[in-house]
Amino acid sequence: MNCLQQQVSLKELKQNKIIRRYIERTLHLAVEACLDIGNHIIADSQLREPQDYKDIMVVLTEAGFLPPARLENLKKMAQFCNVIVHDYARIDPEILYGILRNNLDDLRLFAGMVRDMFLKE
């Protein structure tokens, strides 16, 4: 995704449905993986049950797994997954472009947390 992050323009994203769908699907898979892993962490750590996708990030933040300063972005990431699954016809290319340009670090943060807390030998 890094390569596309640097190369695709908003104009191209609006005009090229193949690239737009590729980015949508890749982001969807990445965010859904974070949410699934988050649910496993919550269950294994015997934390309170989240009420919805956004609440997964809240529970993980409350437990100290994720930094409070990033909570709003992480909740938006979860909302994005909900929109992609349930309201895919209204995904605005400009929002998608903004996520691609400005929010991939949220995915990296989550992946780093999992690596650092659960995958160290």
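Rounded to the nearest 0.5 Å, atoms CD (E49) and CG (N39) are 8.5 Å apart. Separation of atoms CZ (R20) and CD (E12) is listed at 11.5 Å; rounding is to 0.5 Å. In this structure, CD1 in I56 is found 4.5 Å from CG in L35, a value given to the nearest 0.5 Å. The line from CD1 of I19 to CG of L13 is 8.0 Å long, rounded to the nearest 0.5 Å. Atom CG in D55 sits 7.0 Å away from atom CD in E62 (nearest 0.5 Å). Interatomic distance, E94 CD to R101 CZ, rounded to the nearest 0.5 Å: 13.5 Å.
At a threshold of 4.5 Å between non-hydrogen side-chain atoms, the residues N103 and M77 do not count as touching. With a 4.5 Å cut-off on side-chain heavy atoms, L71 and K75 count as touching. Within the 4.5 Å cutoff, side-chain heavy atoms of V58 are placed close to those of R48. Counting heavy atoms from C-beta on, the side chains of V8 and Y22 never come closer than 4.5 Å. Taking 4.5 Å as the limit, every side-chain heavy atom of K14 sits out of range of all side-chain heavy atoms of Y97. Side-chain contact between D106 and I99: absent, with no pair of heavy atoms (C-beta onward) separated by less than 4.5 Å. At a threshold of 4.5 Å between non-hydrogen side-chain atoms, the residues I41 and V114 count as touching.
The minimum heavy-atom distance linking L74 with L66 is given by the pair CD1-CD1, 3.7 Å. A pairwise comparison of heavy atoms in L10 and P93 identifies CD1-O, 3.9 Å as the closest pair.
Connection of L29 to I37 is not established within any shared hydrophobic cluster, with ILVMFWY side chains joined at heavy-atom distances below 4.5 Å, either directly or through further cluster members. A single hydrophobic cluster is not seen to contain both I18 and I23; linkage of ILVMFWY side chains at heavy-atom distances under 4.5 Å, directly or through other members, places them apart. Clustering ILVMFWY residues whenever any of their side-chain heavy atoms sit less than 4.5 angstrom apart, transitively, puts M117 in the very cluster that holds L107. Residue L104 is grouped with residue V83 when hydrophobic side chains (ILVMFWY) are merged at heavy-atom distances under 4.5 angstrom, including chains of intermediate members. Residues I95 and V31 fall within the same hydrophobic cluster, defined by Ile, Leu, Val, Met, Phe, Trp and Tyr side chains chained together at heavy-atom separations under 4.5 Å.
Between the side chain of N102 and the backbone N or O of G98 there is at least one donor-acceptor pair closer than 3.5 Å.
Partners of D105 by salt bridge (charged side-chain N to carboxylate O under 4.0 Å, His left out), not counting sequence neighbours, listed by chain and number: R108. Remark: Y53 engages no residue in a ring-ring contact (aromatic ring centres under 6.0 Å, His included) (not counting sequence neighbours).
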Candidate pair F118 and D44, rule side chain to side chain contact (heavy atoms under 4.5 Å, CB included), full reasoning: CA-CA 11 Å; F118 301 101; D44 288 347; over 6 Å; no
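I84 pairs in a side-chain contact (heavy atoms from CB on, under 4.5 Å) with only one of the listed residues (R25, H28, E32), which is H28.
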